[in-house]
Amino acid sequence: LEKEALQKVEEAISLKELQDVRVAYLGKKGPITEVLRGMGKLSKEERPVIGELANKVRGQIADAIDSKKADIEAEELEKQLAEETIDVTLPGRPVPTGGPHLLTSIVEEIEDLFIGMGFEVREGPEVETDYYNFEALNLPKGHPARDMQDSFYITEDILLRTHTSPVQARTMNMIQGERPVKMICPGKVYRRDTDDATHSHQFTQIEGLYVDKNVRMSDLKGVLDRFAKQMFGEERQIRLRPSFFPFTEPSVEMDISCKMCNGEGCSVCKKTGWIEILGAGLVHARVLEMAGYDPKVYSGFAFGMGPERIAMLKYGVDDIRHFYTNDIRFLKQYHQA
Ligand code: PHE
């Protein structure tokens with residue numbers, strides 16, 4: 001019996017099995033308990049002999065179980081430690097981080113550039129009155145140039161602004177000719193266009209306005225030249241071509257040279273070597289007058305550009321819709337470390 005029990009103890013491979021062995025041999029219904037229970041039936045001489053033997057066997061089995069139990073526990077601990085090992089030298093998993101949208105970065109870059117030249121940044125409502133969006137900018141009702149900016153009307157007199165020029169009209173109107181104004185206004189604008197690679201019904205603009213005594217075309221040219229060089233590289237040239245806007249007179253469009261395009265060519269560069277960037281001009285006397293500035297004392301320049309276009313030219317983005325479909329693979333390319 002002892003041999004058999006010790007054999008079983010040896011064979012047990014888990015704490016559960018060991019416990020089963022303990023119950024089977026040492027438990028209340030086990031053979032040893034039975035022997036001890038049957039002691040009464042034995043003779044006086046037999047009792048101490050059998051009793052001692054039974055106790056000895058019981059002790060040996062119990063000892064074997066205890067030592068086996070310690071072995072199994074040590075083994076399991078060993079196993080657990082091996083399984084839960086952490087290699088502290090492994091590199092961590094990268095935590096994905098966000099970053100500014102390309103358009104946000106470009107707008108901020110342009111803002112910083114003009115702040116550096118003394119312009120303040122102003123914002124205005126995207127839902128605008130017909131007065132500030134058109135009338136105050138020398139575009140009275142029925143003016144054919146209103147068609148240049150096909151609009152989203154909400155009521156007859158309220159619309160989604162088609163450009164950020166109304167912010168300039170509002171600012172001038174607030175100041176009422178009492179001091180010079182030097183500002184830029186970035187923001188979203190809306191036009192009824194069918195979206196394609198170069199058109200979007202919603203896009204952004206940054207317009208600038210400088211009104212003071214003796215502001216001349218050469219001032220405009222100087223500011224725009226600085227802008228172009230800082231944005232696209234010092235080797236860039238600018239040229240101004242005559243154009244038309246109802247709120248400026250004279251009006252110009254500005255091109256920048258694109259010689260920077262390397263040997264492989266540059267898709268956004270026209271054959272002429274120039275590419276159009278923005279519209280500008282000297283503020284129309286009527287616009288000044290309507291805002292409370294005396295055009296005999298004050299003069300000013302204004303310009304307007306589309307940050308999407310600037311970003312497209314600067315980074316070779318081929319479709320304006322990339323800015324709004326927010327494909328993370330596109331946006332990620334422009335995250336600065
Ligand atoms: N507001 C004009 C536009 O949206 C841009 C512009 C601004 C042109 C200022 C000249 C001067 O097209």
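Read the numbers this way: they start at 1 and go in the same order the structure lists the ligands and their atoms. Residue numbers count from 1 along this sequence.
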Using a strict 4.0 Å threshold on nitrogen-to-oxygen distance, state whether [X] and [Y] make a salt bridge.
{"X": "Glu46", "Y": "Lys41", "value": "no"}
{"X": "Arg191", "Y": "Asp150", "value": "no"}
{"X": "Arg47", "Y": "Glu45", "value": "no"}
{"X": "Lys141", "Y": "Glu156", "value": "no"}
{"X": "Asp327", "Y": "Lys332", "value": "no"}
{"X": "Lys314", "Y": "Glu109", "value": "yes"}

Considering only protein heavy atoms, which is closest to atom 9 (C) of ligand 1, and at what distance to one decimal place? Phe303 C, 3.5 Å
Protein heavy-atom partner closest to atom 5 (C) of ligand 1 - residue, atom, separation in Å: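 Sorting protein heavy atoms by distance from atom 5 (C) of ligand 1 puts Glu207 OE2, 3.8 Å first.
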Which of the ligand 1 atoms, numbered from 1, are nearer than 4.0 Å to a heavy atom of [X]:
{"X": "Ser165", "value": "1 (N)"}
{"X": "Ala302", "value": "9 (C), 11 (C)"}
{"X": "His163", "value": "1 (N), 4 (O)"}
{"X": "Phe245", "value": "8 (C), 10 (C)"}
{"X": "Gly279", "value": "8 (C), 10 (C)"}

Contact partition for [X] relative to ligand 1, non-hydrogen atoms under 4.0 Å:
{"X": "His284", "value": "neither"}
{"X": "Phe247", "value": "side chain"}
{"X": "Ala280", "value": "backbone"}

Of Glu253, Glu276, Met254, which meets side chain to side chain contact (heavy atoms under 4.5 Å, CB included) against Ser243? Glu253
Could an N or O of ligand 1 be found under 3.5 Å from any N or O of Thr162, whether backbone or side chain? no
Does at least one non-hydrogen atom of Gln205 fall below 4.0 angstrom from an atom of ligand 1? yes
Enumerate the ring-ring contact (aromatic ring centres under 6.0 Å, His included) contacts for residues 98-150, please, sequence neighbours excluded, ordered by first and then second residue. Phe114-Phe119, Phe114-Phe227, Phe114-Phe303
ring-ring contact (aromatic ring centres under 6.0 Å, His included) partners of residues 177-220, not counting sequence neighbours, each pair once: Tyr210-Phe301
Minimum non-hydrogen distance to atom 12 (O) of ligand 1, winning option of Met254, Arg191, Glu253: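 Looking at heavy atoms only, Arg191 sits closest to atom 12 (O) of ligand 1.
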